[in-house]
Amino acid sequence: MILGLLKEHGTETRVAMLPEIVKNLVDLKVSVMVEQSAGEKAFAPDSAYSEAGASIVSRNEIFDKAEVLLQIQPPGEAELNRIRDTQVWISAFNPLWEKELVKSFLSKKTTTFSLDSIPRTTRAQAMDILSSMATVAGYKAVLEAALRLPTFFPMFMTAAGTIKPANVLILGAGVAGLQAVATARRLGAQVYVFDVRSAVKEEVKSLGGKFVEVEGAKEDAAAGGYAVEQTEEYKRKQQEAIDSQAVKSDVIIGTAQIPGRPAPRLVSRETVEKMKKGAVIIDLAASSGGNCELTQNDTTIVHQGVTIIGQSNYPALTPLDASRMFGKNVLNFMKLIISQDGNLHLNFEDDIVRGTCITHQGEVYNERVKSVIEL
Ligand code: NAD
């Protein structure tokens with residue numbers, strides 16, 4: 001198999017594989033082509049890729065010769081026009097939202113894998129890029145909040161008096177939320193957490209957070225560890241509980257999401273207007289509409305003294321470790337599609353290969369994508 005590692009565009013600083021991962025693929029008898037300066041922004045020079053056994057080539061050569069094309073970000077128009085139906089495209093292209101892109105792949109008959117669709121099963125954990133990137137985001141979001149806040153995070157007892165610890169409210173205790181709890185606790189804040197899944201209560205407590213319970217949440221074991229849409233009655237009760245916690249908070253980190261749906265609106269404009277001046281809201285759910293009514297994707301605004309940050313790519317602000325984690329996940333996934341002699345081998349009997357495959361030979365393979373796409 002010839003794998004082509006493409007350079008990312010725009011503000012993306014990560015690379016889908018660091019040289020250390022390329023070496024593993026070369027050991028698996030895969031020929032790896034790396035686009036010139038693909039790893040530059042993640043501090044991985046071309047020379048390190050060469051030492052790992054890759055050849056450094058132009059983007060054109062990759063599109064001409066590679067069987068498998070790997071890039072974190074979805075393809076742009078130019079790339080879409082170049083991909084051939086015999087090539088396999090691997091990236092994270094959010095197929096539940098990017099329906100037009102899925103349709104383009106279908107009409108081109110491209111085989112595509114979207115790594116954000118890896119099933120959330122035990123066997124797939126080592127391939128779960130969403131968890132890896134959410135870990136980075138949860139950590140970085142808290143650091144950003146701490147830097148922006150006009151007060152300290154920890155309690156300080158000094159000769160100049162006692163400083164109270166910051167109150168941090170975390171909405172959603174999935175991967176990003178739990179990492180945010182851990183990071184905020186390490187920095188000495190008091191941490192309060194809301195989630196609709198009672199299963200996370202113990203995890204929140206074990207990290208030192210306080211779980212704020214709102215009775216009557218709808219849960220569904222069949223949702224595979226994800227939340228489900230709540231009743232209007234529950235939403236009203238939750239809104240009241242969040243509102244009374246928010247006005248006491250210095251920081252809110254929004255991480256609540258239901259995959260494939262707009263992010264739940266948990267912090268209203270009125271709530272923001274009642275918050276402390278100088279408070280900071282970091283809305284990790286910005287790209288799917290935000291947990292806060294005022295969030296603007298990839299924009300920072302200040303509303304009546306409250307800073308609301310809608311940064312949608314925190315992993316790009318931690319490019320080296322984010323690339324390290326991403327690459328390790330990709331390698332683990334690729335092992336499922338590489339035969340013993342280093343060739344491409346697509347075994348659709350494997351639930352992870354099948355679940356991650358979005359399109360193949362003009363058909364939608366992923367069941368959830370199939371249910372949302374209108375053909
Ligand atoms: P996850 O699915 O593991 O966690 C989301 C949590 O939200 C779940 O625990 C769920 O139960 C909870 N939730 C859902 N609805 C809720 C509601 N109404 N009230 C309270 N809790 C609710 O997701 P994750 O991997 O932790 O990612 C969280 C968010 O962060 C996603 O929106 C994701 O896209 C985003 N993200 C952002 C960045 C970034 O850089 N901004 C990076 C990675 C992930």
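Ligands are counted one by one from 1 in listed order, and the atoms in each one are counted from 1 as well.
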Does Glu213 pair with Lys201 as a salt bridge, N-O distance under 4.0 Å?
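Here Glu213 pairs with Lys201 in a salt bridge, since their nearest N and O are under 4.0 Å apart.
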Run the salt-bridge test on Arg123 and Asp351 with the 4.0 Å N-O cut-off and return the result as yes or no.
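Yes, Arg123 and Asp351 are salt-bridged.
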Does ligand 1 come near enough to [X] that some N or O of the ligand is less than 3.5 Å from an N or O of the residue?
| X | value |
| --- | --- |
| Leu266 | no |
| Gln311 | yes |
| Gly174 | yes |
| Gly177 | no |

Testing the 3.5 Å rule here: is there a donor-acceptor pair between the side chains of Arg82 and Asn60?
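Asn60 and Arg82 do have a side-chain donor-acceptor pair below 3.5 Å.
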Do Gln179 and Thr183 get their side chains close enough for a donor-acceptor pair, meaning under 3.5 Å?
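There is such a pair between these side chains.
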Kindly check if the number of other-residue, nucleotide or ligand heavy atoms within 6.0 Å of NZ (Lys23) is above 12?
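Not buried by this count: 12 neighbours or fewer within 6.0 Å.
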Who pairs with Glu202 by side-chain hydrogen bond (donor to acceptor under 3.5 Å, both in side chains), at least two apart in sequence or on another chain?
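Partners of Glu202 by the side-chain hydrogen bond (donor to acceptor under 3.5 Å, both in side chains) criterion come out as none, since no residue qualifies.
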For Ser198, give me all partners under side-chain hydrogen bond (donor to acceptor under 3.5 Å, both in side chains), at least two apart in sequence or on another chain.
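Per chain and number, Ser198 pairs via side-chain hydrogen bond (donor to acceptor under 3.5 Å, both in side chains) with Glu219.
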Measure from the ring center of Tyr314 to the ring center of Tyr139 and say whether it is less than 6.0 Å.
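For Tyr314 and Tyr139, the ring centres are not under 6.0 Å apart.
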Tell me if the aromatic rings of Tyr192 and Phe211 count as close, with their centers under 6.0 Å from one another.
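Between Tyr192 and Phe211, the centre distance exceeds or equals 6.0 Å.
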Which of the atoms of ligand 1 are close to [X], meaning less than 4.0 Å from one of its heavy atoms?
| X | answer |
| --- | --- |
| Ala137 | 38 (C), 39 (C), 40 (O), 42 (C), 43 (C) |
| Met133 | 43 (C) |
| Ala285 | 32 (O) |
| Ala173 | 9 (O) |

Report the part of [X] in contact with ligand 1, treating N, CA, C, O as backbone and CB onward as side chain, heavy atoms under 4.0 Å; options are side chain, backbone, both, neither.
| X | answer |
| --- | --- |
| Ser287 | neither |
| Asp195 | both |
| Ala176 | both |

Of the listed options Arg265, Arg120, Gln238, closest to atom 3 (O) of ligand 1 (non-hydrogen atoms):
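Ranked by closest heavy atom to atom 3 (O) of ligand 1, first place is Arg120.
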Can you tell which of Ala322, Ala256, Ala263 gets a heavy atom nearest to atom 7 (O) of ligand 1?
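When every heavy atom of Ala322, Ala256, Ala263 is considered, Ala256 comes closest to atom 7 (O) of ligand 1.
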